[in-house]
Amino acid sequence: AQSVTQLDSQVPVFEEAPVELRCNYSSSVSVYLFWYVQYPNQGLQLLLKYLSGSTLVKGINGFEAEFNKSQTSFHLRKPSVHISDTAEYFCAVSDLRKGAGKSTFGDGTTLTVKP
Amino acid sequence: DTAVSQTPKYLVTQMGNDKSIKCEQNLGHDTMYWYKQDSKKFLKIMFSYNNKELIINETVPNRFSPKSPDKAHLNLHINSLELGDSAVYFCASSQDPASLRPLHFGNGTRLTVT
C-alpha cells in the first residue's frame with residue numbers, strides 16, 4: 001500500500017518570502033509523484049510531476065520540487081511567493097500499476113500568503 | 001474552451017432527495033473519474049470509467065450510481081441524499097487508466113444536503 005503525508009496542514013508566509021511545503025511518501029514499489037494546486041472554488045491543477053530522470057523538477061508559476069529517494073520525500077519549494085499563490089496544495093503518489101487516476105493524495109497544505 | 005466541465009456548480013437539497021451531477025470532457029480522453037472532497041479537503045476517488053466501462057468502484061454506498069453514456073461524459077446520480085453526502089464532488093479525466101499523465105479536473109460541484 002502507498003501513503004502520502006503532508007507534514008504541514010497550514011503554512012502562512014509573507015509575500016516575497018521563500019516557502020517549502022513538505023511531502024513524505026511510503027511505497028514498496030517505484031513511485032511517480034505529483035503536486036497539484038487548488039485555487040479557491042476551482043478544481044486541482046498540476047503544478048509539476050516526477051516520473052524519472054533528474055530529481056529536481058521545475059513546474060509552473062516558479063515552483064520546483066526535489067525527489068529524494070533515500071528520504072522518501074518530494075518537497076515543494078518556491079523562492080519568492082506572491083499573494084496569488086494562496087491556495088491548497090496536494091501531493092500525490094502513484095505507480096505504474098495504478099496510473100495517475102488512482103493516485104493516493106495527501107491531506108493537503110493550505111498556503112496563505114500575506115501582504 | 002473548458003477541458004472538463006461539470007454542472008451544476010452548486011447544489012443545495014434536502015435529505016431524502018435524488019440528484020444528479022453531470023460531467024463532460026473535450027480532451028479526447030478515454031478515462032473519467034469521480035472524486036469526493038470532504039470538509040477537511042481530503043480527496044478520495046469514488047469511481048472510474050474507461051471507454052464507458054466501470055473500472056474502479058471504491059466502497060461507495062450503492063445510493064451513488066455513475067453512468068457513462070459515452071467516453072466524453074460521466075454523470076453521477078445520488079439517491080436518498082444524506083447529510084454526510086455534503087461535499088465537493090470533482091470530475092476528472094485522463095488519457096487512459098494506466099497513464100501517468102496528470103489528471104485534468106473540473107471545477108467541482110459543491111453539494112449541500114440540509
Side-chain angles (χ1 to χ4, degrees), chain A residues 1-6 8-11 21 23 27 29-53 57 59-60 63 65 67 87-112, chain B residues 2-10 21 23-25 27 29-51 53-59 66 74 87-110:
Chain A
Q2 292 173 334
S3 67
V4 178
T5 303
Q6 292 183 239
D8 309 290
S9 60
Q10 305 216 20
V11 174
L21 307 184
C23 173
S27 176
V29 298
S30 294
V31 295
Y32 302 90
L33 294 148
F34 307 83
W35 274 101
Y36 289 88
V37 60
Q38 183 181 22
Y39 297 107
N41 298 316
Q42 292 186 29
L44 281 69
Q45 304 170 33
L46 181 74
L47 264 183
L48 48 77
K49 62 182 185 288
Y50 172 78
L51 300 183
S52 64
V57 181
I60 61 170
F63 283 92
F67 172 60
E88 192 79 19
Y89 291 79
F90 292 92
C91 181
V93 63
S94 189
D95 61 58
L96 263 181
R97 300 168 304 168
K98 293 184 176 181
K102 216 177 170 189
S103 296
T104 300
F105 286 84
D107 288 348
T109 297
T110 304
L111 174 65
T112 304
Chain B
T2 304
V4 181
S5 59
Q6 49 183 114
T7 55
K9 189 176 172 76
Y10 299 99
I21 308 172
C23 179
E24 175 181 3
Q25 55 95 4
L27 296 165
H29 288 169
D30 283 346
T31 311
M32 296 183 73
Y33 309 83
W34 278 112
Y35 286 83
K36 179 180 180 181
Q37 187 177 47
D38 65 22
S39 58
K40 294 183 180 177
K41 304 272 184 163
F42 182 64
L43 195 66
K44 187 175 164 63
I45 190 168
M46 299 172 68
F47 299 104
S48 177
Y49 270 73
N50 183 57
N51 228 340
E53 183 181 337
L54 180 67
I55 56 170
I56 296 175
N57 184 345
E58 296 283 316
T59 56
L74 180 61
V88 182
Y89 292 84
F90 286 101
C91 178
S93 72
S94 67
Q95 191 92 15
D96 59 65
S99 173
L100 288 166
R101 295 182 184 181
L103 298 167
H104 291 256
F105 284 84
N107 284 340
T109 295
R110 183 174 294 277

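Within every chain, numbering begins at 1; the chains are lettered A, B, ... in the order of the sequence lines, protein sequences first and strands thereafter. In this text, all values refer to a predicted model and were calculated from it rather than measured experimentally.
- For chain B, no part of A:Gln45 is nearby; none of its heavy atoms comes within less than 4.5 Å.
- The two residues B:Leu103 and A:Tyr36 have their closest heavy-atom pair at N-OH, 3.1 Å.
- Contact count against chain B (heavy-atom pairs under 4.5 Å) is highest for A:Asp107 among A:Thr104, A:Asp107, A:Leu51.
- The environment of B:Lys36 atom NZ is dense: over 12 non-hydrogen atoms of other residues, nucleotides or ligands sit within 6.0 angstrom.
- Using a 4.5 Å cut-off between heavy atoms, A:Leu44 touches chain B through backbone and side chain atoms alike.
- The minimum heavy-atom distance linking A:Asn41 with B:Lys9 is given by the pair O-NZ, 3.5 Å.
- Listed options A:Gly43, A:Ala92, A:Ser103, A:Gly106 were ranked by heavy-atom pairs under 4.5 angstrom with chain B; first place goes to A:Gly43.
- Proximity to chain B (any heavy atom under 4.5 Å) is restricted, for A:Phe90, to the side chain, taken from C-beta onward.
- Neither the backbone nor the side chain of B:Tyr89 comes within contact range of chain A; no heavy atoms are under 4.5 Å apart.
- Rounding to the nearest 0.5 Å gives a distance of 4.5 Å between CZ of A:Phe105 and OH of B:Tyr35.
- Among B:Gln95, B:Glu58, B:Gln37, the residue making the largest number of heavy-atom pairs under 4.5 Å with chain A is B:Gln37.
- Interface residue A:Gln42: backbone and side-chain heavy atoms are both found under 4.5 Å from chain B.
- When heavy atoms are compared at a cutoff of 4.5 Å, B:Ile56 approaches chain A solely by way of its side chain, counted from C-beta outward.
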